[in-house]
Every structure is written in C-alpha cells, then in structure tokens.
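Everything below concerns the one structure shown next.
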Amino acid sequence: MKALSLVAYLSFVLERMSQALQARPRPILGQIRQVGNPRPQLRLELAYHPAKALEGYVLIPKDQYFQDAEALLERL
C-alpha cells in the first residue's frame, strides 16, 4: 500500500514537472497594445469582454483587433 501511494505521488510530481517545462508560445507583438485612456467611454454599439486587471475588472471592447486576436489564438 505504501509503495502504491509513493508511485501515485511520483507520477503526480512528474506530471506537474512536465506541464511546467512545456514550451508555451510567446505572445506575438501584435497581441500587445498600450492602453490609451484607462477609463474610456462605453458605447452601446460595441460588445465588451470583462478581463481581470491589477486594479480589478476592466471592459475590453470586442473590436476588430480583439476579433483578430481571438482568431489567432483559436488557430494555435
């Protein structure tokens, strides 16, 4: 029984290490943009996506830039 729990623990550790060492794609520079106005005016004709930021939640407009980034991430 003790050997079985040791094997389970070691398999868990190996799995976590393999996940930590997996190569993750670096963000493409086009995916990163500067925030101009921290509190932009909300417009009713645009849809927004809530995102968690350091100061709380922010609303990101689902504009063409957002849709292009989503399409790129779906292809990865």
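Since this is a predicted model, take the numbers as computed values, not measurements. Along the sequence shown, residues carry numbers from 1.
- The two residues Pro61 and Leu46 make their nearest non-hydrogen contact at CB-CD1, 4.0 Å.
- Sequence neighbours left out, the pairs with a member in residues 45-54 that pass salt bridge (charged side-chain N to carboxylate O under 4.0 Å, His left out) are Arg43-Glu45.
- When only modelled atom types and interatomic distance are considered, Gln64 and Asp68 share a side-chain donor-acceptor pair under 3.5 Å.
- His49 is listed as a side-chain neighbour of Phe66, based on a closest heavy-atom distance under 4.5 Å.
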Side chains of residues 7-15: which donor-acceptor partners sit under 3.5 Å, not counting sequence neighbours?
residue, atom, partner, partner atom, Å
Ser11, OG, Val7, O, 3.3
Ser11, OG, Ala8, O, 2.8
Glu15, OE2, Gln19, NE2, 3.2

